[in-house]
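Only one structure is covered here, and it is reproduced in the block below.
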Amino acid sequence: PPVDCVRANELCAAESNCSSRYRTLRQCLAGRDRNTMLANKECQAALEVLQESPLYDCRCKRGMKKELQCLQIYWSIHLGLTEGEEFYEASPYEPVTARLSDIFRLASIFSGTGADPAVSAKSNHCLDAAKACNLNDNCKKLRSSYISICNREISPTERCNRRKCHKALRQFFDRVPSEYTYRMLFCSCQDQACAERRRQTILPSCSYEDKEKPNCLELRSLCRTDHLCRGPGLIHGQRTRSYVLQLGVCMLELKVLHAATKTEDPVNCNRDLAQPKQEMREDPGKYLEYCKEYPPSRYPPTPPTASQPSQSCLKACALERKVGRDGALLISTRQRWWLPPEASLAVVGHGCKAAERPRSHWSRLADFHANCRASYQTLTSCPTDNYQACLGSYAGMIGFDITPNYVDSSPTGIVVSPWCSCRGSGNMEEECEKFLKDFTENPCLRNAIQAFGNGT
Amino acid sequence: PPVDCVRANELCAAESNCSSRYRTLRQCLAGRDRNTMLANKECQAALEVLQESPLYDCRCKRGMKKELQCLQIYWSIHLGLTEGEEFYEASPYEPVTARLSDIFRLASIFSGTGADPAVSAKSNHCLDAAKACNLNDNCKKLRSSYISICNREISPTERCNRRKCHKALRQFFDRVPSEYTYRMLFCSCQDQACAERRRQTILPSCSYEDKEKPNCLELRSLCRTDHLCRGPGLIHGQRTRSYVLQLGVCMLELKVLHAATKTEDPVNCNRDLAQPKQEMREDPGKYLEYCKEYPPSRYPPTPPTASQPSQSCLKACALERKVGRDGALLISTRQRWWLPPEASLAVVGHGCKAAERPRSHWSRLADFHANCRASYQTLTSCPTDNYQACLGSYAGMIGFDITPNYVDSSPTGIVVSPWCSCRGSGNMEEECEKFLKDFTENPCLRNAIQAFGNGT
Amino acid sequence: TRPCGLRELEVRVSELGLGYASEETVLFRYCAGACEAAARVYDLGLRRLRQRRRVRRERVRAQPCCRPTAYEDEVSFLDTHSRYHTVHELSARECACV
Amino acid sequence: TRPCGLRELEVRVSELGLGYASEETVLFRYCAGACEAAARVYDLGLRRLRQRRRVRRERVRAQPCCRPTAYEDEVSFLDTHSRYHTVHELSARECACV
């Protein structure tokens with residue numbers, strides 16, 4: 001299995017050749033598109049060297065301790081290399097190994113020697129799965145926890161606290177072994193009571209359904225424009241929105257009040273700064289890099305220290321900025337805004353406590369596409385003939401905005417979808433339908449779910 | 001009642017005239033005898049002013065929170081004024097008020113209307129006293145505490161931990177109201193079982209008896225030479241002995257290894273010091289005073305700070321000095337050694353925790369002499385006709401080296417004594433007997449005990 | 001008999017008589033076992049005083065009880081009407097002779 | 001009946017049956033009173049399971065006990081042979097339904 005990116009980064013940092021090339025590459029990627037980068041010889045040399053290093057092949061684990069840090073490192077290299085559609089083929093998460101093969105018993109569906117239909121017809125597999133979970137202390141505890149949180153009414157008008165419910169669901173799927181979680185999520189049913197229990201598994205009225213059904217592309221783009229979700233990269237919000245970044249143990253909240261279609265003059269940002277405005281406008285990321293090396297001691301009252309190298313730089317560049325009670329850094333900006341990997345250092349060591357789990361929507365979605373996208377070149381219709389990888393990617397999206405679920409309690413006609421529709425897609429309707437069908441009419445995913453259900 | 005000396009000191013410090021005169025007086029008293037002091041006009045003027053201040057009349061309470069600090073302030077003024085025998089007439093403790101009169105019922109013995117002899121003959125007053133104590137939570141707790149400590153065998157050779165036993169006894173007598181403690185200590189008896197219980201009250205085999213019976217004058221002088229016991233003053237130990245001073249929250253242990261009969265050249269003490277040796281030799285106290293004003297910054301590696309003004313001075317003067325683990329300062333010296341009140345400031349703020357209760361032997365003994373010394377000028381044979389004051393002074397000595405107790409379990413022939421004899425007194429035999437008889441054949445004390453016993 | 005400790009039992013939620021109709025099975029942990037060895041001086045004294053009828057107006061317990069000292073936080077389950085419920089402190093987590 | 005709480009009794013040490021011959025009197029504090037109101041979901045579930053004979057091999061307690069949760073450190077006394085003794089945890093200091 002590939003080494004995780006946090007470890008790979010440590011290995012690289014310990015070696016002077018690797019670390020200098022990595023620094024070069026990050027500078028190459030900051031604010032430049034792929035073609036610009038490939039045109040630069042120094043950048044190409046760095047890439048070539050790094051392709052031999054553990055950094056290039058590194059991956060992350062879902063729910064790992066430093067998941068966000070790991071994802072940031074992953075995207076710091078891969079963002080410049082994979083653009084647009086290519087994202088769908090790269091997953092920042094490590095491939096699922098065959099650890100579950102014994103409970104999965106893939107063979108049974110193809111050979112027809114699965115469970116006796118007469119027996120399975122009488123029993124409720126979803127109820128059995130709940131029992132198995134209840135008899136395991138860890139599973140019972142985390143299941144009871146998300147149920148009670150997702151089921152807790154806040155007020156007559158507010159059904160529940162969706163944010164907390166999502167968090168509790170993520171904890172359940174991250175911390176409980178998949179033999180328990182998959183069994184509850186993908187149990188096979190013969191009757192409606194069973195299927196309704198399966199549909200209810202994630203308490204959809206809180207975690208899934210919402211008053212309005214957003215457009216699927218908007219839902220996807222919400223994720224793609226989320227800085228964290230994508231890894232370090234360009235943020236171009238279309239309207240007022242809040243983004244929360246977890247950087248180290250801190251959060252950096254970016255409020256994109258209005259994003260211009262093109263680069264706009266960052267009105268206040270360059271005021272009081274010694275550097276030429278032009279460079280800043282073209283590539284704020286490079287400016288941040290510059291800040292780090294030449295702290296603008298004139299601007300902030302106190303010169304930046306080793307532990308807070310670029311916070312003062314951020315300070316210098318932000319139009320509005322508040323340090324919230326919990327140490328969150330609020331930045332409002334009216335411009336296209338690059339945050340290269342270095343920016344993440346800005347608030348490391350800032351000393352705030354509340355560390356929410358990263359909102360790695362985009363990475364989870366990318367993982368799903370990499371593992372579940374229907375393929376006509378394989379026997380199982382899955383990209384790598386790996387059902388487990390597909391089911392894991394599906395479960396990995398639960399607890400994020402993209403959370404998928406069964407659309408009804410039909411026992412056999414399995415249809416899953418995120419909570420979105422393609423109404424109002426305009427001329428993007430085709431792309432929207434394509435995105436939605438990756439869930440609703442995906443032979444790889446459907447086969448994987450049925451295979452697991454019949455296998456148990 | 002007079003104000004306590006800690007408070008009086010605060011009042012004096014708040015007034016510039018008083019505080020400057022007090023400083024003068026302490027300088028006058030440091031290292032000078034009474035006559036020298038009286039000869040000095042400035043000293044006399046200071047004394048006159050201070051006689052009008054609350055400092056002059058201040059007293060301390062037994063077991064009060066800052067007892068040692070209070071005693072130090074008391075003796076800082078009275079040491080120079082009262083010499084030798086005169087000590088016996090001054091007590092640093094405030095006079096006992098008539099608070100106990102209702103349980104004391106002094107009148108009963110003189111009028112003959114006391115308890116019915118027929119009833120008291122049947123009952124065991126000492127057992128009743130134990131019951132009364134057991135039914136009071138505080139009394140029961142502290143009694144059980146000292147009994148279990150004094151009764152706990154350390155090893156087959158060591159009967160008990162006498163030091164801890166003394167401490168627990170002091171706590172009992174300091175913290176439990178005298179209606180309980182006096183009743184147990186001075187109960188009247190008709191039979192031997194009762195008298196034995198009375199004798200056993202303080203667990204004499206641990207707190208009182210010892211392998212050897214020391215000479216009474218030695219026992220007294222042990223106390224008189226104990227710096228703490230006497231208040232700030234001259235230490236002239238005759239052999240190796242340890243003195244423990246509690247200073248603020250710290251302890252300063254002085255090991256007087258050998259005291260010459262006369263002032264000896266303090267061999268190492270003056271080395272490396274800029275000040276003339278002569279002055280130092282004549283009056284180290286004054287030198288310490290000097291140190292405080294002109295810190296010998298050349299000598300200690302770090303200049304003294306506001307919080308440790310004279311520690312560096314002590315450092316400069318001590319022959320050997322170690323700072324123990326608990327922050328105790330160990331000083332060994334081969335010379336007569338003055339510690340003026342200022343010296344106590346030396347380790348204040350030093351930050352050590354373990355604060356033992358002060359060993360105020362001498363003050364307790366002085367109090368006993370002041371309140372219980374037989375007088376032929378009063379009706380009760382007591383100096384101020386105050387039995388309570390005498391009993392309180394007697395109880396105040398329990399838990400110190402001078403601890404007195406009943407010598408046998410005779411029910412009526414009450415004889416009390418410290419654990420000492422007058423054998424080996426040499427030409428001091430007469431003085432020794434005089435001292436011992438203040439306990440064994442003291443009509444004031446005996447009357448007070450009997451009056452209390454009959455009164456209940 | 002075994003000393004006081006945690007025992008466990010698989011039970012259907014509906015068997016617990018708490019008014020919930022659910023087919024789910026949960027693990028019910030409870031405390032049982034002997035506590036004689038945990039008797040203190042207090043218990044000896046109290047027993048004697050009871051024998052001598054010095055204590056009698058009220059029933060007193062002169063021996064330790066094997067009882068939970070901590071409970072499991074919560075257990076959640078789906079009922080037969082597809083509604084979720086959460087019950088607190090249903091199951092023992094630690095037992096002791098108290 | 002009164003709720004669970006501390007009660008006190010003046011007793012002679014020798015009455016306690018601890019083997020000490022002493023004339024001293026001590027205050028003996030003990031716990032007594034009702035605990036019905038302190039029953040939890042655990043107790044309700046356990047009672048039902050006991051009724052249904054799901055639990056029966058061992059005796060279990062399906063209601064809280066009124067018991068000391070803290071004891072007085074020590075009490076010391078002189079016996080009839082003029083020897084001192086100290087007994088620990090003789091008396092209750094706090095009670096609770098556990």
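Every heavy atom of this structure was used, including side-chain atoms; hydrogens, water molecules and symmetry mates were not. Chain letters run A, B, ... following the sequence lines, proteins first, then strands; residues in each count from 1.
The contact list for residues 73-85 of chain D toward chain C, using heavy atoms and a distance under 4.5 Å, is empty. Contact residues of residues 15-22 of chain D toward chain C are D/E15, D/L16, D/G17, D/L18 (heavy-atom distance under 4.5 Å).
If you measure heavy-atom distances from D/A62 to chain C, the contacts under 4.5 Å come from the backbone alone. Interface residue C/R52: only side-chain heavy atoms are found under 4.5 Å from chain D. Using a 4.5 Å cut-off between heavy atoms, D/V87 contacts chain C through its side chain alone, with no backbone atom that close. For C/L44, the parts lying under 4.5 angstrom from a heavy atom of chain D are both the backbone and the side chain.
The candidate with the highest count of non-hydrogen atom pairs below 4.5 Å against chain D, out of C/C66, C/P64, C/A34, C/C4, is C/P64. The candidate with the highest count of non-hydrogen atom pairs below 4.5 Å against chain D, out of C/R47, C/Q63, C/Q51, C/R59, is C/Q63. Taking chain C as the reference chain and counting heavy-atom pairs below 4.5 Å, the highest number among D/H88, D/E72, D/R40 is found for D/R40.
When the side chain to side chain donor-acceptor pair (under 3.5 Å) test is applied to C/E8, the partners found at least two apart in sequence or on another chain are C/R29. In this structure D/A32 satisfies the side-chain contact (heavy atoms from CB on, under 4.5 Å) test together with C/E58, C/V60, D/R7, D/Y30, sequence neighbours excluded.
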Candidate pair C/V41 and D/Y71, rule side chain to side chain contact (heavy atoms under 4.5 Å, CB included), full reasoning: CA-CA 10 Å; C/V41 175; D/Y71 294 87; over 6 Å; no
Chi angles and distances behind the side chain to side chain contact (heavy atoms under 4.5 Å, CB included) call for C/L49, D/V11: CA-CA 9 Å; C/L49 292 174; D/V11 294; 3.7 Å; yes
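With hydrogens and angles disregarded, a donor-acceptor distance shorter than 3.5 Å links the side chain of C/R67 to the backbone of D/R61.
Between C/L90 atom CG and D/Y42 atom OH the span is 10.0 Å, to the nearest 0.5 Å.
The side-chain heavy atoms of C/L9 and D/V55, taken from C-beta on, include a pair separated by under 4.5 Å.
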